[in-house]
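Below: the structure, in structure tokens.
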Amino acid sequence: MTTKRFFIGFLLVSLVLAGIVSFYASANPDGLEKVAEDKGISAKEKDHSLKDSPFGDYGVKGIDNSRLSSGLSGVIGVGAVLLVGGGLFWGVRRRGPSAPAPEREETAAAGKG
């Protein structure tokens, strides 16, 4: 399998998980959230300052269909991570001449003859 095929497959799986499968995630609180509710810690919680942002609360503002809204939010998130991560990798990649390739065994054997 080539690297290009691997990354395309990885991207497709990520998009399917973010866009379709994420809708079926449990709406019940996770362990940390459950303990916070049981111990009364969650009574002190405040709304996040970005709650009303275009992608606040795991959805896209202005889209009424919750399935489409959460799926689109996931797909946009995958795209954002891909752009930021790809940009970082592109920015720190090795630049300049690469190390010389090692000699092939046939070339080395022919010279020893």
Side-chain angles (χ1 to χ4, degrees):
M1 174 182 279
T2 65
T3 304
K4 186 176 181 179
R5 280 188 176 179
F6 172 78
F7 282 117
I8 290 172
F10 189 79
L11 177 63
L12 290 175
V13 169
S14 299
L15 290 172
V16 167
L17 289 174
I20 298 170
V21 178
S22 64
F23 180 76
Y24 298 102
S26 176
N28 297 325
D30 61 10
L32 182 61
E33 193 173 353
K34 177 74 170 135
V35 170
E37 289 173 1
D38 290 348
K39 300 293 182 181
I41 299 169
S42 63
K44 299 176 187 174
E45 77 181 22
K46 300 175 187 173
D47 284 337
H48 193 275
S49 61
L50 297 175
K51 178 185 166 219
D52 295 326
S53 70
F55 301 110
D57 203 22
Y58 300 104
V60 177
K61 193 174 187 177
I63 297 181
D64 295 330
N65 183 330
S66 64
R67 183 175 295 215
L68 179 61
S69 178
S70 64
L72 187 57
S73 176
V75 169
I76 291 170
V78 167
V81 168
L82 179 67
L83 287 174
V84 171
L88 287 173
F89 278 111
W90 181 79
V92 299
R93 76 182 191 277
R94 250 187 155 161
R95 296 185 183 163
S98 60
E103 291 184 7
R104 297 180 70 181
E105 287 184 33
E106 299 128 17
T107 307
K112 291 182 182 180

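Below, all heavy atoms of this structure are taken into account, side chains as well, without hydrogens, waters or symmetry copies.
A heavy-atom distance below 4.5 Å is found between the side chains of Leu11 and Val78. Side-chain atoms of Val16 and Leu12, non-hydrogen and from C-beta on, never get closer than 4.5 Å to each other.
The number of heavy atoms from other shown groups lying within 6.0 Å of CZ (Arg5) does not exceed 12. Environment of CZ in Phe7: sparse, with no more than 12 heavy atoms of neighbouring residues, nucleotides or ligands closer than 6.0 Å. Atom CG of Asp30 is surrounded by more than 12 heavy atoms from other residues, nucleotides or ligands within 6.0 Å.
The backbone N or O of Val60 lies less than 3.5 Å from no partner atom in the side chain of Ser73, so there is not a single donor-acceptor pair.
Here the CD-CG distance, from Glu33 to Asp38, works out to 11.0 Å after rounding to the nearest 0.5 Å. Ile41 contributes atom CD1, which lies 8.0 Å from atom CG of Leu32 (distance to the nearest 0.5 angstrom).
Nearest heavy atoms, Val75 versus Ala18: N-CB, 4.1 Å. The minimum heavy-atom distance between Ser42 and Glu37, with the atom names listed, is OG-CA, 3.4 Å.
Leu15 and Leu82 end up in the same hydrophobic cluster when Ile, Leu, Val, Met, Phe, Trp and Tyr side chains are linked at under 4.5 Å. Hydrophobic clustering places Val13 together with Val21 (ILVMFWY residues linked when any side-chain heavy atoms are closer than 4.5 Å, directly or through intermediates).
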